[in-house]
Amino acid sequence: SGGGRCNVLHDTSKPVTDILNGYPRGKKELNGLFHKHFSPTDAERWFRERGVDLKTEGDGRMFPVTDSSQTIIDSIMGAAREHGVQIQTRQKVTSVAAIANGDDADDSDGNGR
């Protein structure tokens, strides 16, 4: 989103309730995620720790300072490689399961993560 610049977050200096008000559909689901798992501030920190500087525009949208979505793609793909994530395209997802201890997960064909 963001016309190729990647509108990655919304102004993290605002309270989560203000951010959620911008999402009338899905507000309840996002609220749970923001408070239990990965808040907007956590996401901002995650990107910054990976060398992605972000800027906040007047309307609250946050973009990489490069104004290029490739910056975000590169940071996510780099983190995936660093953690041994295998990216498989043109594959059918038959199930999703949480792995509590980080052991390898196999798909139904036994082909890896």
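Only heavy atoms go into these numbers, but all of them, side chains included; no hydrogens, no water, no symmetry mates.
- Residues Trp46 and Ala79 come closest through the heavy atom pair CZ2-CB, 3.5 Å.
- Listed here is the closest heavy atom pair of Asn7 and Leu9: ND2-O, 3.0 Å.
- In this view, Thr12 and Glu44 satisfy the side chain to side chain donor-acceptor pair (under 3.5 Å) rule, not counting sequence neighbours.
- Here the straight-line distance linking atom CD1 of Ile72 with atom CZ of Phe47 works out to 4.5 Å at 0.5 Å rounding.
- Between Pro64 and Cys6, the closest heavy-atom pair is CD-O, 3.4 Å.
- Residues Arg50 and Ile76 form no side-chain contact, since every pair of their non-hydrogen atoms from C-beta on lies 4.5 Å or further apart.
- Using a 4.0 Å cut-off between charged side-chain N and carboxylate O, Arg5 and Glu57 make a salt bridge.
- Contact check for Phe63 versus Leu54: no side-chain heavy atoms found under the 4.5 Å cut-off.
- Gln70 is linked by a side-chain contact (heavy atoms from CB on, under 4.5 Å) to Ser68, Ile73, Asp74, counting only residues two or more places apart in sequence or in another chain.
- No option in His10, Arg61, Met62 other than Met62 meets the side chain to side chain contact (heavy atoms under 4.5 Å, CB included) test with Thr56.
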